[in-house]
Amino acid sequence: AIQAKLSRIEQALALGPEACQTLVWQFNQEGVIRTEYASREEQESLEAIERNIQTLIIQRSELSERLGPGSPTIQGLTRRIESWRAYLIEASQDQVTDVGLADDVILTRYMESLSTRMVMLSARIEAEDVLFNDHLAEADRLEILRQRIERVKHDRDYVEGLLNEANKKIVEIDPSGGLTEATRQEGFKFNVLMDATQGEVIWPILPVVLGIGGLLGVLAGFGLGCLVEIADKTFHNPDEIMKQLNLPLIGHIPVISQSKRYIVENSDIDPIICTYHRPKSQVSEAFRAVRTSLYFNTQGRAHQVIQVTSPTPGDGKSTLAANLAVSIAQSGKRVLLVDGDMRRPRQHITFGVTASEGFATVLSGMSNWRDVIFECEEIEGLSIMPCGAKPQNPAELSTSPQVKELIDEMREEYDFVVIDTPPLLAVTDPCPIAARVDGVVLNLRIKKNVRVSAERAVDILRNLGAHCFGLVVNGVGAQTGYGSQYTYGAYRAGYAYNGYGYGYGYGYGYGYGNGKYYDEERPGRRRETQKIEAQPQSSGGPELPG
C-alpha cells in the first residue's frame with residue numbers, strides 16, 4: 001500500500017503543480033494527510049511512545065547478557081517493543097503539515113514520511129523473521145523432548161509389566177503369603193485368591209500319544225510303500241510279468257554258475273552251450289522247457305521261423321538262441337541257427353566257425369545263402385549261418401526285400417529256423433525281421449528298470465504286427481536238486497550279475513550298462529576256448545558239484 005502511494009506521489013510531482021494539487025486534495029479527502037496543525041497532546045504522546053521504546057530496548061540488552069537470547073523474558077520484551085513500534089507507525093501515518101505550504105512540498109514531506117515508515121516496517125519484518133526462527137528451533141526441541149517422554153513411558157510400562165509378572169510368580173511360590181510378609185517391600189501387595197488344590201495331568205496323555213503316533217506311523221509306512229512301489233520299475237514274480245506285458249511266460253533260465261561249467265573234450269563249441277556240454281543239468285532242462293513250450297503253444301500258427309531278441313543289451317538273447325537251437329536239434333529236428341546280429345555277431349565264436357561270408361553278404365547279394373551254411377559236426381541236425389563280415393549299413397539290409405525271400409527259402413529247407421537279432425531298443429535292425437518271421441521269443445533279464453524297457457519292447461512288437469510266442473526270463477536263482485527245480489517265486493534284480501563273466505552276452509563288448517550297441521566294435525583280445533576234460537556222469541542223474 002505504501003509503495004502504491006509513493007508511485008502516485010512520484011507521478012504527480014512529475015506532471016506539475018496541478019497534478020500535485022489534485023493529489024493533495026485526494027489524500028485530504030481520503031484522510032491520509034491533514035493540512036491543519038496537530039495538537040500539542042498528540043505530539044507529546046508520540047514522543048512518549050518513542051522514549052518508551054528506547055527504554056525497553058536498553059532493558060532487553062541488559063537482560064540478554066545475563067539470561068541469554070532464548071530466555072522467555074527476553075522474548076516478551078521483544079514482543080512489547082515490536083507492538084509499540086507498530087502503534088507508533090500507525091499513529092505517524094496521518095502526517096500533519098503546516099498550513100500554507102505548497103502542494104509539491106506537502107507531497108515531498110509525505111513521501112519522506114512514507115519512506116521512513118517503509119524502513120521501519122522492513123526492520124519489523126526482519127525482527128519477526130528472527131522471532132519465527134527462534135520459535136521453530138524451540139518447536140524442534142520440544143519434539144525431541146516429547147519423543148524422550150514417550151520412550152520413558154514405554155520403559156515405565158515395561159518395568160511395570162515385569163513387576164506384575166514377579167508378583168504373580170511370588171504368589172505361585174507362596175500362596176499363603178508367608179514369604180511375602182517376610183520379604184515385603186514398599187509398593188507391593190499380594191492377595192491369595194484361593195487355596196491350591198491337587199493338580200491333574202492334562203497333557204501328555206499316554207494312550208492318546210501312542211494312538212496318534214501309531215496312526216502317523218501307519219500313514220508314513222503306507223506312503224513310503226506307495227512311493228517305493230511307484231519308483232520300483234522291476235518285476236517281482238511271474239504273475240506280475242504276465243499281467244504287465246499281457247504275454248505268456250514260456251520259460252525261466254537259471255543262473256549258469258562258473259563252478260558248474262565243463263565242456264566235452266576237444267570240442268570247439270563254447271562252454272556256454274550247456275545243452276551240449278551238460279545235457280543233464282538244471283540249466284539244460286530249462287532250455288528244453290522253452291523248446292517244449294514252442295512245440296505245444298503254437299495256437300494254430302506256423303512256428304518254423306523263430307526270432308530271438310531282447311529289450312536291451314546284456315539280456316542273454318544270443319545264449320538263449322544258441323541253446324534253443326541245440327535243444328531243438330537234439331530232439332531230431334533239422335535246425336538252422338542264423339546270426340542276424342550284424343552289429344556285434346556272436347554265434348560264429350560260440351560254435352567255432354570262421355567265415356567272411358554269411359547273413360550280411362547274402363542280404364547284400366554277394367553270396368548265395370546255401371553257400372554260407374556250416375554244418376555242426378558235433379551236433380547232428382544243427383546248421384549255422386554266421387553273420388560274416390559286418391556291413392556298413394545293417395539297418396538298410398534288414399529292410400531289403402531279400403529278407404522275406406531268404407526266410408521263405410529257409411522255411412522250405414529246415415524244420416526250424418532260429419534267428420538271433422540285436423536288441424529292440426538299441427537299434428532298428430530287428431524290427432523288419434520281426435514283421436516277417438513266424439514268431440518272436442522275447443528274452444529279458446531281471447534288472448533295474450526292466451519293466452520300462454520290457455513294456456516298450458512289447459509295444460514295438462505289437463505295432464509291427466509281429467506274433468510274440470512269449471517271454472523267457474533269464475538269470476533266475478537256481479536251486480540244488482533234481483531236474484529243473486529252480487526258484488522263481490520272487491525275482492531279485494541284479495542276482496544274475498554274480499554269474500559267469502561272459503554268460504548271456506556279458507563280456508562280449510555290449511554287456512548291460514554299456515548302452516552303445518550301435519558303436520563300432522572296439523579292439524580287444526579274442527578269448528581262446530578252454531578245453532576241459534569231460535566229467536563222468538552217473539546213471540542216477542546229473543552229477544552235482546561239491
Taking all atoms of both residues into account, what is the closest heavy-atom pair of [X] and [Y], and its distance?
X	Y	value
Val441	Ile250	CG1-CD1, 4.1 Å
Thr428	Pro432	O-CD, 3.2 Å
Cys274	Ser284	O-OG, 2.8 Å
Thr361	Ser356	CG2-O, 4.1 Å
Ile273	Thr350	CD1-CG2, 3.5 Å
Val255	Val283	O-CG2, 4.3 Å

Please state whether the rings of His303 and Phe416 are parallel, tilted or perpendicular, taking 30° and 60° as the class boundaries.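 The rings of His303 and Phe416 sit tilted, inter-plane angle from 30° to 60°.
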If we ignore hydrogens and angles and just use 3.5 Å, is the side chain of [X] paired with the main-chain N or O of [Y] as donor and acceptor?
X	Y	value
Glu378	Asp268	yes
Asp438	Gln304	yes
Asp270	Ile272	yes
Arg445	Gly314	yes
Thr421	Pro430	no
Arg288	Thr275	no
Thr309	Pro422	yes
Asp429	Ser398	no
Glu357	Val372	no

So for atom CD, which belongs to Glu377, do other residues, nucleotides or ligands contribute more than 12 heavy atoms lying within a distance under 6.0 Å?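 It does not: Glu377 CD has 12 such atoms or fewer within range.
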Tell me if the CZ atom of Arg148 is crowded by more than 12 foreign heavy atoms within 6.0 Å.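 No, CZ of Arg148 has 12 or fewer neighbouring heavy atoms, counting only those of other groups under 6.0 Å.
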Under the criterion side chain to side chain contact (heavy atoms under 4.5 Å, CB included), which of Val208, Val201, Val209 is the partner of Ile205?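 Between Ile205 and the candidates, side chain to side chain contact (heavy atoms under 4.5 Å, CB included) is satisfied uniquely by Val208.
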From Leu337, Val335, Ile384, Ile269, residue fulfilling side chain to side chain contact (heavy atoms under 4.5 Å, CB included) relative to Ile379: Ile269
Is there side-chain contact between [X] and [Y], with at least one heavy-atom pair below 4.5 Å?
X	Y	answer
Asp315	Asn443	yes
Ile373	Tyr414	yes
Phe359	Leu397	no
Ile407	Val417	no
Leu336	Glu413	no
Pro345	Lys390	yes
Gln402	Val362	no

Can we say Lys404 and Asp408 salt-bridge, meaning some charged N sits less than 4.0 Å from an Asp/Glu carboxylate O?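 Asp408 and Lys404: salt-bridged.
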Do Glu240 and Lys243 meet the salt-bridge criterion of a basic N to acidic O distance under 4.0 Å?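 No, this pair does not count.
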Give every residue pair that meets the side-chain hydrogen bond (donor to acceptor under 3.5 Å, both in side chains) criterion with at least one member in residues 326-339, sequence neighbours excluded. Tyr295-Ser331
So, taking the atom named [atom1] in [X] and the one named [atom2] in [Y], what distance separates them when rounded to the nearest 0.5 Å?
X	Y	atom1	atom2	answer
Ser383	Met410	OG	CE	11.5 Å
Thr319	Leu324	OG1	CG	12.0 Å
Glu375	Glu380	CD	CD	10.5 Å
Glu396	Ser364	CD	OG	12.5 Å
Met385	Ile419	CE	CD1	9.0 Å
Leu219	Leu224	CG	CG	12.5 Å

Under 3.5 Å, side-chain donor or acceptor atoms of residues 455-464 against the rest of the protein: list the pairs with distances, not counting sequence neighbours.
residue, atom, partner, partner atom, Å
Arg462, NH2, Leu245, O, 2.6
Arg462, NH2, Asn246, O, 3.4
Asn463, ND2, Asp459, O, 3.0

Using distance alone, with no hydrogens and no angle criterion, decide if Asp420 and Ser318 have a side-chain donor and acceptor under 3.5 Å apart.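 Indeed, the side chains of Asp420 and Ser318 share at least one donor-acceptor pair under 3.5 Å.
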Is there a side-chain contact (heavy atoms from CB on, under 4.5 Å) between Phe287 and Ile253 once you walk through the steps? CA-CA 7 Å; Phe287 285 113; Ile253 308 300; 3.7 Å; yes
